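Here is the structure we will look at.
All of these numbers come straight from a predicted model, not from anything done at the bench. Here is how names work: the chains are called A, B, and so on, in the same order as the sequence lines, proteins then strands, and each is numbered from 1.
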Amino acid sequence: MNGTNEKWDALPISWHEEAAGQLEASETLLAWFEPDLDNRLSYARGLVVLTDRRLLSRRAQENGRASWESWPLTESMSLRTDEHGSAALLELADASGRLACWRYTAAQATAAQRLVQKWASWRRGQRAGSASERALAVCPSCGAAINADEGRCEACAAGPVKPSLSALFRLASFSRSRAGLIVLGFLLTLAATTASLVPPYLTRPIIDEVIRPWETTKTDNSSLAIWYLGGLAGAALLAWALDWAKLYVLAWVSERISADLRAKTYAHLQQLSLEFFGGKRTGDLISRISNDTERLCNFLSINLIDFASDVLMIVMTAAALLWMNPLLALAALCPFPLIVWMVARVRGRLLRGYRQAGAAWGAMTSVVADAIPGIRVVKAFAQENREIERFNASNERVFYSANRLNKVWSLFGPTVTLLTTCGLLIVWASGIWQIYLGRITLGVLTAFLALISRFYTRMESMIRMGSAVQRASASAQRIFEILDKKSNVPEPVRPIHPGRLRGKIELRGVRFKYGTREVLHGLDLIVEPGEMIGLVGPTGAGKTTLINLICRFYDVSAGAILVDGVDVRSFPVEEYRRNIGIVLQEPFLFYGTIAENIAYGRPGASRDEIVAAARAARAHEFILRLPCGYDSLVGERGQNLSGGERQRISIARALLIDPRILILDEATSSVDTETEREIQAALENLVHGRTTIAIAHRLSTLRRADRLVVVENGQIAETGRHDELLDARGSYARLHQAQMELVYGRDSSGK
Amino acid sequence: MENNGAANGQARPRPFGLRHDAWGRLVLIDAEGRQHTGVEVVRAFPISDPRHGIAICDAKGRELVWLADLDALPASLVQQIKDELTQREFMPIIHRIVKVSAPIEPSEWEVETDRGRTSFVLNSEDDVHKLDEQRALITDAHGIRYLISDIEQLDANSRRLLERYL
Ligand SMILES: Nc1ncnc2c1ncn2[C@@H]1O[C@H](COP(=O)(O)OP(=O)(O)O)[C@@H](O)[C@H]1O
Ligand SMILES: [Mg+2]
């Protein structure tokens with residue numbers, strides 16, 4: 001067994017050979033990292049390796065060779081990352097100064113941090129003599145939990161956008177459950193197409209056996225004529241019946257498929273984490289769910305069937321033509337390859353055009369979805385005209401993108417018609433010539449013309465469909481873009497069911513980043529079951545972020561949050577959240593009645609429970625004053641109510657689920673002091689027996705708290721009781737003093 | 001919600017009386033014999049559960065008495081409360097929709113209700129709200145509410161007129 005190779009196993013294969021030479025016999029590899037920039041910030045791949053005794057580095061030289069350096073690890077050494085600039089820095093220093101530094105882009109940030117973490121835990125292990133812990137890491141670009149030893153995020157490693165048509169083929173997976181009906185529809189199409197071919201085919205015998213004999217020799221074949229006419233009528237009736245059945249079956253199937261697709265997309269959307277919605281515009285999502293699925297439905301119901309029947313028809317007519325007269329058929333099909341070539345050329349342009357048009361449409365919907373909820377602000381700042389212009393601008397873009405498509409299309413369509421007319425012309429010319437030579441009868445020519453005109457009509461409609469296909473595949477791509485998104489708050493592979501929690505919360509070295517910006521820098525805190533914690537600190541300190549992490553709206557970038565001793569990432573998200581009641585800074589009510597809104601988290605709650613929760617939140621009396629009491633409609637987003645009223649309803653909503661963990665994020669910031677006092681009184685009973693985390697700006701709100709935690713710049717500055725913190729004369733004392741000055745004026749601040 | 005003991009105290013109705021004073025105002029005499037003038041009787045769930053959850057509030061809107069269930073009260077008092085509620089509440093029940101003036105809002109509706117024939121203006125289709133499978137609530141331009149207690153019971157023409165809104 002080759003011991004050296006095994007040690008370097010974790011490294012990318014390309015380094016194995018080179019790195020192997022650098023290693024000493026008993027040295028073990030701890031971590032590695034590939035800086036991707038040189039110190040002048042040009043791209044250059046390097047390697048930094050941490051072993052149990054050295055830090056090694058390989059740098060590319062200008063002459064294309066590489067040089068290795070190494071530093072034995074000492075007590076005074078420090079390794080840190082600095083990710084403030086757009087290119088990050090890993091720095092090795094000791095007491096005398098900087099020893100070396102490496103530059104890298106955000107793509108390597110996780111690996112660099114892992115190296116530093118390994119370094120730190122190895123150092124800790126050295127000092128304490130304990131085994132080094134396994135660091136949990138999170139992908140910085142998408143937030144999915146990743147294996148720290150791999151440092152590669154599978155969610156992000158997904159390749160670039162797949163080619164266009166495959167999106168349409170993926171629709172097949174939605175159709176599988178309806179396969180029987182689809183096959184039926186297809187068979188009906190086949191039958192209908194065959195039936196519709198009968199009339200032109202009968203033209204030949206009618207002319208050659210009935211009309212021509214009469215014209216030339218006055219032979220009376222009327223009995224035959226009746227048979228043929230009957231055949232024509234029968235075929236027409238049959239075609240009608242088959243068409244009817246086919247259209248109905250396929251329309252049903254396609255409507256069903258797109259309804260399934262809509263349902264699936266919406267359900268998937270609901271599962272995605274907050275981060276996804278942070279980066280998305282509502283209007284665009286609405287447009288994807290409504291417009292794009294509608295387009296797909298149209299495509300499936302109208303175009304796809306036509307397309308299939310056209311292809312069939314073309315193949316069958318071509319066969320019939322060849323069978324009747326191969327020479328004439330070949331002449332007639334002359335322009336066909338040319339048309340196929342043109343279609344191939346235009347296809348890509350159409351797809352790009354439709355994607356652009358879809359995006360433009362989404363952007364336009366977004367403008368509306370953005371402005372309408374903010375209409376009060378628009379009016380207050382008298383910006384109606386600006387909003388109109390904003391809408392017009394995006395509307396123009398919709399027009400422009402549609403126009404670009406039309407430009408291609410308007411030239412393409414007639415060109416195809418021209419070519420098909422040419423085909424007909426060729427048939428006429430060569431037909432006349434062949435009749436001249438006596439090679440074919442008039443009946444054959446007529447039948448031929450009837451067939452070929454059908455052939456080219458079908459051809460044309462199929463080509464027109466090309467645009468519908470591209471449009472549909474653009475829509476399908478937009479839908480699958482959503483369906484392919486993974487939640488950044490992934491469900492655990494081996495879930496632990498929380499049941500009803502006790503409510504002990506433990507933060508261990510919690511760090512969190514929005515994108516690349518770290519807003520929480522290592523928080524440690526233990527909250528006992530039933531304890532009430534007051535979180536205070538300046539705005540932007542990261543209090544809401546911390547709560548988002550506890551609720552698992554996001555996952556930590558590093559460190560862990562444990563509830564009842566279990567990492568929250570091990571709980572199924574839904575079961576875990578059922579234990580948490582949240583009252584947010586901006587209360588959000590849904591369209592519906594007040595009772596429905598209060599019972600939102602527990603739709604089965606009885607009316608008595610709803611009233612009790614409303615009483616506890618001091619909402620009962622104002623609700624009684626509304627014209628319909630608890631049955632009053634609150635309007636979209638609760639706009640018929642005042643901010644304080646909305647807030648009290650959202651408090652009632654949180655209380656109704658009787659949560660183990662109650663979270664109040666500036667829950668009382670928009671109510672007047674009188675109401676706040678009332679809510680306070682109610683909360684006194686309610687926080688009892690629940691772990692409560694309350695954020696408040698008015699420090700007086702938190703006087704019931706067992707402990708106050710002061711958060712500053714993403715770190716915990718102080719913890720303690722009110723009077724302890726005042727005595728400590730730290731941040732809290734300053735905050736407190738500032739508020740006293742606000743309330744009582746400057747002079748009383750000294751007391 | 002077992003632990004909101006503070007609120008539950010009000011849920012148990014204590015003896016009280018109602019009467020009208022010389023100005024026709026409603027007066028509540030509470031268990032301690034105090035008189036509250038100008039009180040109002042309101043239903044908490046006038047639409048979804050009109051028979052339960054009735055509150056008596058004072059002129060400022062503070063709740064004085066909460067009656068979870070009228071059955072627990074003496075019959076005379078129940079009658080008094082019911083009379084008071086019918087006095088206060090005006091919500092015609094639509095039996096038939098005669099005519100809707102236009103297919104787009106605002107439209108004028110002509111209806112037959114339990115309180116007679118009337119017409120009203122509907123401002124937007126959002127003002128027709130389906131409560132459950134049977135019932136619908138219509139709010140007109142003045143905020144007056146009309147109830148349709150059973151959509152199935154309407155005649156075919158009314159249903160056809162209503163269909164688009166539900
Ligand atoms: N969704 C987000 N994306 C990017 N940055 C955010 C987001 N939410 C908050 N931040 C930033 O994180 C910091 C902490 O915010 P927050 O936790 O809301 O502070 P607060 O203590 O006032 O509740 C702020 O600087 C804010 O700008
Ligand atoms: Mg906040």
Side-chain angles (χ1 to χ4, degrees), chain A residues 530 581 591-596 598-599 601-602 605-636 639-640 645 651-659 662 678-690, chain B residues 1-12 39-69 85 88-91 123-132 135-140 142-147:
Chain A
Y591 184 82
T593 66
I594 289 188
E596 283 162 2
I598 294 178
R602 237 182 76 198
S606 74
R607 299 209 169 84
D608 290 338
E609 288 171 315
I610 293 175
V611 172
R615 276 221 175 86
R618 292 294 190 267
H620 181 63
E621 289 184 345
F622 94 77
I623 294 172
L624 285 182
R625 257 171 280 163
L626 296 173
C628 269
Y630 283 82
D631 291 329
S632 308
L633 289 172
V634 300
E636 212 171 352
Q639 58 197 346
N640 303 352
E645 289 168 344
I651 293 173
R653 177 166 66 191
L655 296 179
L656 184 62
I657 61 173
D658 191 16
L662 182 66
E678 285 193 348
I679 295 174
Q680 281 288 299
L683 287 180
E684 306 246 320
N685 299 320
L686 289 156
V687 300
H688 205 74
R690 297 176 216 279
Chain B
M1 307 276 349
E2 305 84 0
N3 47 0
N4 337 323
N8 275 345
Q10 284 174 309
R12 220 176 308 113
V39 296
E40 276 186 289
V41 184
V42 294
R43 293 191 218 258
F45 300 91
I47 294 155
S48 56
D49 189 6
R51 265 174 281 283
H52 298 102
I54 288 164
I56 302 177
C57 301
D58 70 8
K60 292 207 191 79
R62 258 197 310 272
E63 183 183 26
L64 299 171
V65 179
W66 172 256
L67 308 164
D69 200 345
L85 285 170
R88 243 181 67 84
E89 288 182 338
F90 179 75
M91 186 161 64
N123 264 342
S124 96
E125 62 177 9
D126 293 339
D127 290 338
V128 182
H129 187 68
K130 194 166 178 177
L131 299 170
D132 49 40
R135 297 175 314 150
L137 188 73
I138 302 178
T139 314
D140 76 358
H142 299 290
I144 301 169
R145 282 160 295 130
Y146 304 82
L147 186 72

Determine whether the side chains of A:T593 and A:D631 contain a donor N or O and an acceptor N or O closer than 3.5 Å.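 No pair is found: no donor N or O on one side chain lies under 3.5 Å from an acceptor on the other.
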
Option in A:A595, A:S632, A:P627 with maximal non-hydrogen atom pairs under 4.5 Å from chain B: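 Max contact count across the listed options: A:P627.
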
Residues in ring-ring contact (aromatic ring centres under 6.0 Å, His included) with B:H52, at least two apart?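 Checked B:H52 against ring-ring contact (aromatic ring centres under 6.0 Å, His included); zero matches.
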
Which residues pass the ring-ring contact (aromatic ring centres under 6.0 Å, His included) test with B:Y146, sequence neighbours left out?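 For B:Y146, the residues satisfying ring-ring contact (aromatic ring centres under 6.0 Å, His included) (neighbours in sequence not counted) are B:F120.
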
Output the option from B:A55, B:A44, B:G53 having the highest count of non-hydrogen pairs under 4.5 Å with chain A.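 Answer, by heavy-atom pair count under 4.5 Å with chain A: B:A44.
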
Side chain from CB out, backbone as N, CA, C, O: work out which of these in [X] comes under 4.5 Å of a heavy atom of chain B, or both, or neither.
X	value
A:L633	side chain
A:R625	side chain
A:L624	both

Give me the one residue out of A:R607, A:H620, A:E596 that meets side chain to side chain donor-acceptor pair (under 3.5 Å) with A:Y630.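 Result: among A:R607, A:H620, A:E596, A:H620 is the only option passing the side chain to side chain donor-acceptor pair (under 3.5 Å) with A:Y630.
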
Quick one: does A:L626's side chain get under 4.5 Å of A:I594's, heavy atoms only?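 With C-beta onward as the side chain, the pair touches.
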
Side chain, backbone, both or neither: which part of B:R43 has an atom under 4.5 Å from a heavy atom of chain A?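 Just the backbone, heavy atoms under 4.5 Å.
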
